[in-house]
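Only one structure is covered here, and it is reproduced in the block below.
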Number of protein chains: 2
Amino acid sequence: MRQPVDKTRSGRLRATIVDVANQAGVHVSTASRALNPKTDHRISSKMVGKIRRIAEQLGYSPNPLASSLRTQRTGTVGLIVPNLSDPLFAPIIASVQERAASDGYVTFVASSEYKPDKLLSIIETMSRHYVAGLVVASFELADPAADLCLALGVPTVAVLRDPGHHGISSIAMDDVEGMKAMVAHVLDLGHRDIAYITAPLAASTARNRLAGFAAAAALRSQAGFRFDVIEADAYDVDEGTRVVGRMLADGARSTAILCFNDLLAVGALLALRTAGIVCPEQVSVAGVNDLPFMGLLSPPLTSLHNAGRTLGQVGAELLMKLIADKDHPVTRVLLPSPVVIRGSTGPAPFATGTGQAPARKLAKRPAPR
Amino acid sequence: MRQPVDKTRSGRLRATIVDVANQAGVHVSTASRALNPKTDHRISSKMVGKIRRIAEQLGYSPNPLASSLRTQRTGTVGLIVPNLSDPLFAPIIASVQERAASDGYVTFVASSEYKPDKLLSIIETMSRHYVAGLVVASFELADPAADLCLALGVPTVAVLRDPGHHGISSIAMDDVEGMKAMVAHVLDLGHRDIAYITAPLAASTARNRLAGFAAAAALRSQAGFRFDVIEADAYDVDEGTRVVGRMLADGARSTAILCFNDLLAVGALLALRTAGIVCPEQVSVAGVNDLPFMGLLSPPLTSLHNAGRTLGQVGAELLMKLIADKDHPVTRVLLPSPVVIRGSTGPAPFATGTGQAPARKLAKRPAPR
DNA sequence: TAAGTTAGAGCAAACGTTTGCCCTTGACTC
DNA sequence: GAGTCAAGGGCAAACGTTTGCTCTAACTTA
């Protein structure tokens, strides 16, 4: 005698497929097939109707754990970002989530905290949870984590940062061209002494933006132009303040400071303000990513557009294809990253148009108000 | 004859507990007990050692799906926010995630998009996935979703917004006191005609901030004081611009505009700027939440502090307790929400200190630059 | 020394699905 | 009218754990 299912067990009152089958007077396998659109052709249509009706009325919905255990597939995808608090990732998280949900997937989000080992262990964990696929925004260049994803056989899409792995599809901003355009912008404004604050070069974004800067600089390698690169150790506002503070203390003469991202740029603005240097009249500043509110700062920040939502959406879309078709070709997408010109970049002081800027230290002037 | 486990199946090469048991020459139940610290006292310690060693060397880790199916428990918690893109929720997401992870839980994040039905269906889904508990930042007042959580028997903590349900623990900001303090602040500055832009009153936050505003207003119900309430339909910058645009068009005379949140306040600033009204000289503006960068706007925004990280951390902590002990008493935590005074609030124009402000329309003046 | 206790380990059921295979039945073919 | 076939449905194993129960042997205790 089969015990009737105890509906009150553990506080969960959920009908199982055997309840449905019993009620319909059929075998559980029949119920299973009838409920699954992929297999319901094996069952007579009136039986399908009956079983569906009973399932509905019992409020049956399949237990994803049991189903996944049997099929070795789940309805979940994983999303890994390097930092959950950085506003840069908010639209990516939101859009990946939305896109995945529209295909019936729920999303695990995890933060790798910019730590390569943590990334590895998260991937391990997610794989153990049988995620159907992974969207990763944390890859570094030649990241062993990319190999791990492939070894584990989990479909993976890189967003924002491209590990440069031949087996991993990716979607990212065109940082090289973006940065070239940014340099062109400040050159147009007459700047001849330009500094670029880069982030640690482990990430493709950092590498590419530096490459763009360097490429643009190479075109003006003549006398009268000066291009400096300073390396920051972090990605946040404080680091920007520290770095620019040091630059000023070292007597830097740059009239334009381009930053790896907006947070560093905001830090730069603060450091300049503290030093009594007026932006953009004395020094221009620009960032990358065009975070929310950057247009409302004073001065409003010039930046490179970052299509966070598109990144996430297209990335998730790509992942869905990869999941559906294991042999989907590896694809690589680059999104244009145009310069968003605002008030923090302006004409170079004493610009002569000849390319020969007079030697000059950043003067301390009282902050305007 | 048992077939040897096919390690290459479906691309996943994972040792199971039966591999460990076979290798150790013991029954799988013995292996299971040896591997579980809760039950390993039932097995001789040298056997435990041997089995652990073999497990390690085989790279065994338990399949969470199978384990959860059997135990009806998972190592996952759910987090539901109303909007993934709002910077307000970023620190909450990050901190819940961190705190849960430190207890070995992975986190599902979902967005209810401010839609009550969507919230219900997300809770349903998560419950089906056997989440161990739920952190919910989307509750409305007297939300049926709160009943659902209880009915499903899933431990739940409300953060930020309190559904006011006797069975649900919560942690939130003290919006009533915060708003009172904000009103006191602008009264101190001499303002006598104060407007408050509220959000839809479905949420406890909206209700409480309005209550705080009303309570503070009640103390000055004498002639010469005027307190207006305008209801916004949304929570974003655009809505703030629209609402304040309408107010101006309607000839509002308020010299201080308090807003439900920073996004509305930013919208208010934009509308004022468009109208050529100078903040704070002509009209003061304040928000709530103190989002990142609000101190860098021009003018820097006065706001109420929001302890997002604490909210998430304490909320998750509370959830861990609830999970560990089903009979943990329902607790309610309120965090102080002090006024962060910045440049967007200033002395009332024509302030006399007598409480009798002269009738005056908001004058259009050219925007300064 | 007989009875009772305990430690250590195995047995098998259970969690809720899915799916390859088999069986029955009725229709169709030659 | 015997053989073929397809449709419709049942059987039982499998996914990888956990856990109540049983069994055996060794160890106490009176």
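Throughout, protein chains are lettered first and strands after them, A, B, ... in sequence-line order, and every chain is numbered starting at 1. As the structure is a prediction and not an experimental result, all values here were calculated from the model.
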- Task: Check whether any side-chain nitrogen or oxygen of A:Ser32 sits under 4.0 Å from OP1 or OP2 of C:dT18, and answer yes or no.
- Result: yes

- Query: Looking only at side chains, do B:Thr39 and B:Arg42 share a donor and an acceptor under 3.5 Å apart?
  - Reply: no

- Query: If you take atom types as modelled and just measure distance, does the side chain of A:Arg42 reach the base of D:dG9 with a donor-acceptor pair under 3.5 Å?
  - Reply: yes

- B:His129 atom NE2 is separated from C:dG16 atom P, nearest whole Å, by 16 Å

- Value in whole Å for how far the C1' atom of D:dG8 lies from NZ of A:Lys50: 14 Å

- Query: Please give, in whole Å, the distance from D:dG10 C1' to A:Ile17 CD1?
  - Reply: 14 Å

- When B:Ala66 and B:His41 are each assigned the nearest nucleotide of DNA chain C, the 5'-most assignment goes to B:His41

- For atom CD of A:Glu124, decide whether the heavy atoms of other residues, nucleotides or ligands shown that lie under 6.0 angstrom number more than 12. yes

- Query: With respect to the phosphate group of C:dC11, does any side-chain polar atom (N or O) of B:His27 fall under 4.0 Å of OP1 or OP2?
  - Reply: yes

- Do the side-chain N or O atoms of B:Ser44 get closer than 4.0 angstrom to the phosphate oxygens (OP1, OP2) of C:dA9? yes

- Query: Checking all strands, does A:Val28 fall into the base, sugar-phosphate, or nothing category for heavy-atom contacts under 4.0 angstrom?
  - Reply: base

- Message: Measure CZ/A:Arg14 against P/C:dC15 and give the value in whole Å, please.
- Response: 16 Å

- Task: Figure out the CD1/C1' separation between A:Ile43 and D:dG10, and round it to whole Å.
- Result: 10 Å

- Message: Looking only at side-chain N and O atoms, does A:Thr125 offer a donor or acceptor that is under 3.5 Å from a partner on A:Arg128?
- Response: no

- Item | Atom-pair distance (CG on A:Leu69; P on C:dT18), nearest Å | 11 Å

- Between B:Ser138 and B:Ser112, is any side-chain donor less than 3.5 angstrom from a side-chain acceptor? yes

- Query: Atom CG of A:Leu35 to atom P of C:dT17: distance rounded to whole Å?
  - Reply: 9 Å

- Message: Under 4.0 Å from OP1 or OP2 of C:dT18: is there any side-chain N or O of A:Gln72 that close?
- Response: no

- Atom-to-atom span, NZ of A:Lys46 to C1' of D:dG8 - whole angstrom: 10 Å

- Message: Mind checking if A:Ser29 touches a base, just sugar-phosphate, or nothing, with heavy atoms under 4.0 Å?
- Response: base

- Query: So does A:Arg33 reach the base of C:dG20 with its side chain, donor to acceptor, closer than 3.5 Å?
  - Reply: yes

- Message: Whether A:Ser67 contacts C:dG16 is assessed here as follows: a side-chain N or O lying under 4.0 Å from the phosphate OP1 or OP2. Is that the case?
- Response: no

- Query: Of all the choices, C:dT18, D:dT19, D:dT17, which nucleotide is nearest to the side chain of B:Arg73 once you look at every atom?
  - Reply: D:dT19

- Message: For B:Arg73, I'd like to know if atom CZ has over 12 heavy atoms of other residues, nucleotides or ligands within 6.0 Å.
- Response: no

